[in-house]
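Below are the structure tokens for one structure; questions will follow.
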Protein chains: 2
Amino acid sequence: MGDVVGTRGGAGQACRGRCGACPARATGLCAIGAAGTAAAATGLAEAVALDTGEALFSQGDAARHVYAVAGGTLKLTRLMADGRSHVAGFVSAGDTVGLAGADAATHAFGAVALGKARVCRFRRDRLLDLADACPAFGRGLFGLVSAELAAAQDRMLLLGRKTAQEKVASFLLAMLAAGNRHGGTADTLELPMNRADIADHLGLTFETVSRCVTKLKSTGSIRLLPGNRVQVRDAPALADLAAAA
Amino acid sequence: MGDVVGTRGGAGQACRGRCGACPARATGLCAIGAAGTAAAATGLAEAVALDTGEALFSQGDAARHVYAVAGGTLKLTRLMADGRSHVAGFVSAGDTVGLAGADAATHAFGAVALGKARVCRFRRDRLLDLADACPAFGRGLFGLVSAELAAAQDRMLLLGRKTAQEKVASFLLAMLAAGNRHGGTADTLELPMNRADIADHLGLTFETVSRCVTKLKSTGSIRLLPGNRVQVRDAPALADLAAAA
DNA sequence: CGATCCCTTGACGAGTTTCAAGTGGCGTGG
DNA sequence: CCACGCCACTTGAAACTCGTCAAGGGATCG
């Protein structure tokens, strides 16, 4: 696990200086913490820095913390006994990690940084205590898990009923939307993960992902830019291929 | 939607008489309601009876209620624009329906009774108010959604990375476990849904499901009994095929 | 008794995976 | 500064799983 870079003070006061500029401030765990009470979750945060490929936690680890991503991207991976793997999702600034399986003692998936990443961690028991004390915070936590569940149901439809081409188109649109949530360029998205990670996320092989991307490129719907970036040149065509639910 | 059979009184008092014998009493929404406070969610329940094939609610309907299944089984279905469908899950006595997408104004899926079913419904806003007033109840709701999310992640692994045979074996074991939760026969499970529903649940076609079941039957792992029941004769072999995460 | 629905089984084909080779970019080291 | 090697990605061909189309059997209900 990454080094603890700094520990926040006990009150919101000590936090504001550092949280103020945080891109995650306005979303997810931190947003409901800030809105909830004056002495909110922000006072409980510990910053963690991760290098490329470093694990924030591994599948099966004791789940004592919940994490808010401040910068960078992490992949959430589940492994099967025979080596097959599934990427449950990608999280970036503003997303919350590890909230699922509230009573579960251990994490059902591992979290690995795809590049340098910054994360704030909160003790799970403290968050639950805070939810007890502050109904607004409790509703916020509930809403976060609830939204995650809704997203999971969308992905089940994708995994079970969409073709490879539809999966890739859906994924690109989802990444575009995720990027624009925090002020990305309107038609360009970044792919910090490699083809294999995308494949594991979509239930495909990396060769198939590559072929689908090539096809989208050749039809002119997208264009590959240097630095693992993708420009969406025909979003409607992509949405059409994505075959939304 | 089904007829409202009866309306519970405002206090726990009026409910006890009817809830006492309910198989759902000890699980899910009702359990946390009973444990939470004396004047818990049970006082807010309205009973609903459904006939075979009847919808409790449809995809896109306003999501004003949350439901606790008292008897029977329902399937939760999502439809794609082109007619492809996905069964998000099956719920039976003790399960909770419609908790997901807390802030969502509409249901992301429809719920259809697979036989005669009994359901108790609760106004969503009342439940959230109750959670505000009673932290234990709030934690209970959070735990329910959280557990659903954990289950959803298991199913994503199944949908994305398992073969048809593994999917069917996993499904049968899951149904066996679900049946035994409430005192079913140790090695026999009921399948109130047809092959097409199972297929839509597992991301397969009903022909493929049929072939996989036949194969399990021919290897002696299972035996088909009258009344859409299945006897598991070799659970370890099934677990082996299921290729658990 | 017939109709209908669901399930089973077979044959074929499409889409995806698997296996394999080749290309390109990027950092390292000479 | 350039060559080399590594890694990720691309591309091709063959194999295989699963889907599609089609026909038939069995149970249930009117």
Checklist entry - Hey, is the side chain of A:Glu207 pairing donor to acceptor with the base of C:dC19 inside 3.5 Å? => result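 Side chain to base: pair present.
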Checklist entry - For C:dT17, does OP1 or OP2 lie under 4.0 Å from any side-chain N or O of A:Thr208? => result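 Yes, because at least one side-chain N or O of A:Thr208 sits under 4.0 Å from OP1 or OP2 of C:dT17.
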Next on the checklist: What I want to check is whether the side chains of A:Lys162 and A:Ser170 have a donor and an acceptor closer together than 3.5 Å.
Outcome noted: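 Side chains of A:Lys162 and A:Ser170: pair found under 3.5 Å.
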Checklist entry - Relative to the 5' end of DNA chain D, which residue comes earlier, B:Phe206 or A:Ser210, by the nucleotide with the nearest heavy atom? => result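 The 5'-side residue here is A:Ser210.
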Item to check | Residue mapping more 5' on DNA chain C - nearest nucleotide basis, B:Asn228 or A:Lys162 | outcome: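 So the residue in question is B:Asn228.
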Item to check | Rounded distance (Å) that lies between atom P of D:dC9 and atom CZ of A:Arg229 | outcome: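 Answer to the nearest Å: 16 Å.
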Checklist entry - Please give, in whole Å, the distance from D:dT17 C1' to A:Arg84 CZ? => result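 Nearest whole value for this atom pair: 13 Å.
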Item to check | d(NZ, A:Lys167; P, C:dG15) in whole Å | outcome: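 So the NZ-P distance, A:Lys167 to C:dG15, works out to 14 Å.
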Next on the checklist: My understanding is that only one of A:Val112, A:Asp95, A:Val119 makes a side chain to side chain contact (heavy atoms under 4.5 Å, CB included) with A:Leu74; could you say which?
Outcome noted: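 That would be A:Val119.
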Checklist entry - Among D:dC9, C:dC7, D:dC18, which is the nearest nucleotide to the side chain of A:Arg195? => result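 Nearest to the side-chain atoms of A:Arg195, counting from C-beta on, is D:dC9.
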Next on the checklist: Within the 4.0 Å heavy-atom criterion, would you say A:Ile198 contacts the bases, only the backbone, or no part of the nucleic acid?
Outcome noted: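 Nothing, no nucleic acid heavy atom in range.
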Checklist entry - Could you give the CE-to-C1' distance, from A:Met193 to D:dC9, as a whole number of Å? => result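 Rounded to whole Å, this separation is 16 Å.
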Next on the checklist: In this structure, how many angstroms lie between the P atom of D:dT17 and the CD atom of B:Gln165, rounded?
Outcome noted: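 Taking atom P of D:dT17 as the reference, CD of B:Gln165 is at 11 Å.
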Next on the checklist: With a 4.5 Å cut-off on side-chain heavy atoms, are B:His65 and B:Arg124 touching?
Outcome noted: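 Answer no - side chains too far apart.
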Next on the checklist: Using a 4.0 Å heavy-atom cut-off, does B:Gly203 contact any base of the nucleic acid, only the sugar-phosphate backbone, or nothing at all?
Outcome noted: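 Sugar-phosphate contact only.
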Next on the checklist: Can you say whether a donor on the side chain of A:Arg211 sits under 3.5 Å from an acceptor on the base of C:dG15, or the other way round?
Outcome noted: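 No, the side chain and the base share no sub-3.5 Å donor-acceptor pair.
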Item to check | Nearest-angstrom distance from the residue atom CG of B:Leu202 to P of D:dC18 | outcome: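 Distance, rounded to whole Å: 12 Å.
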Checklist entry - Between A:Ser85 and A:Asp200, do the side chains contain an N or O donor and an N or O acceptor separated by less than 3.5 Å? => result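 A pair is found: one side chain offers a donor N or O, the other an acceptor, under 3.5 Å apart.
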Next on the checklist: Just to be sure I understand the rule, does B:Thr205 reach a base, reach only the sugar-phosphate, or reach nothing, if contact means heavy atoms closer than 4.0 Å?
Outcome noted: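 Answer is base: heavy atoms of B:Thr205 come under 4.0 Å of a base.
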Item to check | Residue B:Asn194, side-chain heavy atoms: nucleotide from D:dC18, C:dT16, C:dC7 that is nearest | outcome: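 That would be C:dC7.
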Checklist entry - In whole Å, what is the span from the CG atom of A:Asp200 to the P atom of D:dA8? => result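 Distance, rounded to whole Å: 13 Å.
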Checklist entry - How about B:Gln59: does its CD atom have over 12 heavy atoms from other parts shown lying under 6.0 Å from it? => result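 More than 12 heavy atoms, drawn from other residues, nucleotides or ligands, come within 6.0 Å of this atom.
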Checklist entry - Rounded to the Å, how far apart are B:Lys215 NZ and D:dT17 C1'? => result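 Those two atoms, NZ and C1', are 11 Å apart.
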Item to check | Position toward the 5' end of DNA chain C (nearest nucleotide), A:Leu204 or A:Pro226 | outcome: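 Mapping each residue to its closest nucleotide by heavy atoms, the 5'-most match is A:Leu204.
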